[in-house]
Each structure stands twice: as C-alpha cells, then as structure tokens.
Amino acid sequence: MAADQNNTSASDHPDHGLKHLGSTLLRSNSLVPTFLRSAVSSQASGWVDFIVGFVMFYWIFNHHLSWLATGIGVVAGGIVNCIICYKFTFRAENCSWSAVVVKYALVWIGNLILNSAGTDGLYMVFKNWPFLEEMGFKPAGYYAAARLLMSLLVSWFWNFILQRNFVYRPSRFDPYAERFMASLLDFLHIHHKDRNPTTEKLTTDR
C-alpha cells in the first residue's frame with residue numbers, strides 16, 4: 001500500500017510542477033515571468049499593427065496612402081498593447097485607467113523618438129565602418145541591422161522598464177495625469193456640455 005501511494009504521489013508530481021510553473025508565469029510579478037508576458041503582449045500588438053495596416057493599405061485605401069495605413073496600424077497595435085499590459089502583463093487594476101493612458105502615451109512617444117533617432121544614428125555609424133562593406137553589407141543591410149538593434153534596445157531598456165516601474169504602477173505623477181485626462185475629456189465634450197436644451201428648443205421654435 002505504501003509503495004502504491006508513493007508511486008501515485010510521484011506520478012502526480014509532473015502535473016503539479018507544470019501547474020505551478022503555469023501559475024508562476026501567469027501570476028508572478030517577478031522580473032522573468034513579467035518579461036515573458038510582456039513579450040507575448042508585444043507579439044500580439046505587433047500582429048495587430050501589421051494586420052490592421054495591411055488591411056487599410058490593401059482594401060480600404062486601395063494601395064494608396066501607405067503612411068496613413070501604417071499610422072492607423074501603429075495606433076491600433078498600441079491600443080491593444082496598452083489593454084493587454086493593463087489586464088494581463090502587469091495587472092494594474094490598482095492604477096486608474098486615465099493615469100495609465102497618459103503615462104503609456106508619454107512612454108510611447110519616447111519610444112517613437114528613440115527608435116527613429118537611434119535607428120538613423122546607428123545607420124550612419126554602420127555606413128562609416130568600411131569593414132562592413134568588405135563583409136558584403138549593403139545600405140539596406142545597414143538599415144535592417146540598425147532598426148533591429150535599436151528596436152531591441154528600446155524594447156528592453158525603455159519600454160519594459162518604464163512600463164513595469166512607471167506606467168502600470170501607482171506613482172506621484174498619477175494625480176497630474178488624471179487631471180490632464182479629465183481636462184482633455186472635458187475639452188472634447190465641451191460643445192455637448194455647453195448645450196442648453198431650453199435654449200436649443202427656443203431657437204428651434206423661432
């Protein structure tokens with residue numbers, strides 16, 4: 001009986017280990033599980049970015065306005081990434097959504113600037129290294145290498161660090177972000193709020 005119990009217990013260990021590992025990856029807020037969840041959210045938003053941009057370019061704009069199609073795809077991917085990170089990656093239910101949106105937008109703008117300027121800077125550096133040309137690199141290769149390297153650096157040392165420690169975590173900046181979002185929403189709805197139903201009725205009757 002004791003041997004059977006030991007065998008049963010031993011056979012249960014793999015399942016228990018897998019469940020524990022899965023629970024750790026999904027729920028733990030430590031560095032590695034959070035980074036892995038962040039990679040999943042980045043992949044998901046990247047696919048949304050690509051698919052939306054392609055649909056806009058191919059079907060909506062009929063092979064025109066590629067810049068607008070790309071921009072719409074980038075915005076769609078950013079929205080998806082923000083939502084997934086809020087609900088799944090960092091589980092920031094203790095942060096107000098308005099503060100998260102403002103902080104995410106700030107980090108996203110920084111990401112755009114760093115990727116653009118950094119890629120251009122690295123491209124110029126690579127282009128001035130003669131040994132790369134001797135190895136067979138072409139200008140397109142310089143750009144691809146610069147774009148990939150800069151994207152990885154910004155993703156690791158800007159996006160992930162700031163999202164984990166600033167965007168999806170309560171901070172002293174949150175009240176200012178919430179006030180800004182409230183002011184923005186008030187501004188966007190100013191015409192609706194300024195309408196007086198009685199005044200509108202009198203104007204219509206005249």
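This one's a predicted model, so the numbers in the text were calculated from it and none came from an experiment.
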State the [atom1]-[atom2] distance between [X] and [Y], to the nearest 0.5 angstrom.
X: Leu184; Y: His189; atom1: CG; atom2: NE2; answer: 10.0 Å
X: Glu178; Y: Trp97; atom1: CD; atom2: CH2; answer: 10.0 Å
X: Ser38; Y: Gln43; atom1: OG; atom2: CD; answer: 10.5 Å
X: Ser155; Y: Asn115; atom1: OG; atom2: CG; answer: 9.0 Å
X: Asn81; Y: Thr89; atom1: CG; atom2: OG1; answer: 7.0 Å
X: Phe57; Y: Ile72; atom1: CZ; atom2: CD1; answer: 13.0 Å

Can you tell me if [atom1] on [X] sees more than 12 non-hydrogen neighbours from other groups inside 6.0 Å?
X: Phe180; atom1: CZ; result: no
X: Phe61; atom1: CZ; result: yes
X: His64; atom1: NE2; result: no

Correct closest heavy-atom pair for Ala146 and Leu122 would be CB-CB, 3.6 Å
When every non-hydrogen atom of Trp158 is compared with those of Val107, the smallest separation belongs to NE1-O, 3.0 Å
same_hphob_cluster([X], [Y]) at 4.5 Å side-chain heavy-atom cutoff:
X: Phe157; Y: Met150; value: yes
X: Val75; Y: Leu112; value: no
X: Ile161; Y: Val40; value: no
X: Val102; Y: Leu185; value: yes
X: Trp156; Y: Val154; value: yes

Pair Val167-Trp108, side chain to side chain contact (heavy atoms under 4.5 Å, CB included): steps then yes or no:
CA-CA 11 Å; Val167 176; Trp108 186 81; over 6 Å; no
- Query: So Val100 and Cys82, side chain to side chain contact (heavy atoms under 4.5 Å, CB included) or not? Walk me through it.
  - Reply: CA-CA 8 Å; Val100 167; Cys82 184; 4.2 Å; yes
>> Looking at Arg37 and Asn29, would you say the former's side chain and the latter's main chain have a donor-acceptor pair under 3.5 Å?
In response: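 No, Arg37 side chain to Asn29 backbone: no donor-acceptor pair under 3.5 Å.
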**OP:** Would you tell me whether Ser171 and Asp174 have side-chain atoms, one donor and one acceptor, within less than 3.5 Å of each other?
**Re:** yes
Asn94 versus Arg169, side-chain donor and acceptor atoms under 3.5 Å:
no
Return the orientation label for the Tyr168 and Phe90 ring planes: parallel under 30°, perpendicular over 60°, tilted otherwise. parallel
message: Is the ring pair Phe50/Trp47 parallel, tilted or perpendicular, if the boundaries are 30 and 60 degrees?
response: perpendicular
>> Do Met56 and Leu65 have side chains that approach each other closer than 4.5 Å (heavy atoms only, starting at C-beta)?
In response: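 No, their side chains stay 4.5 Å or more apart.
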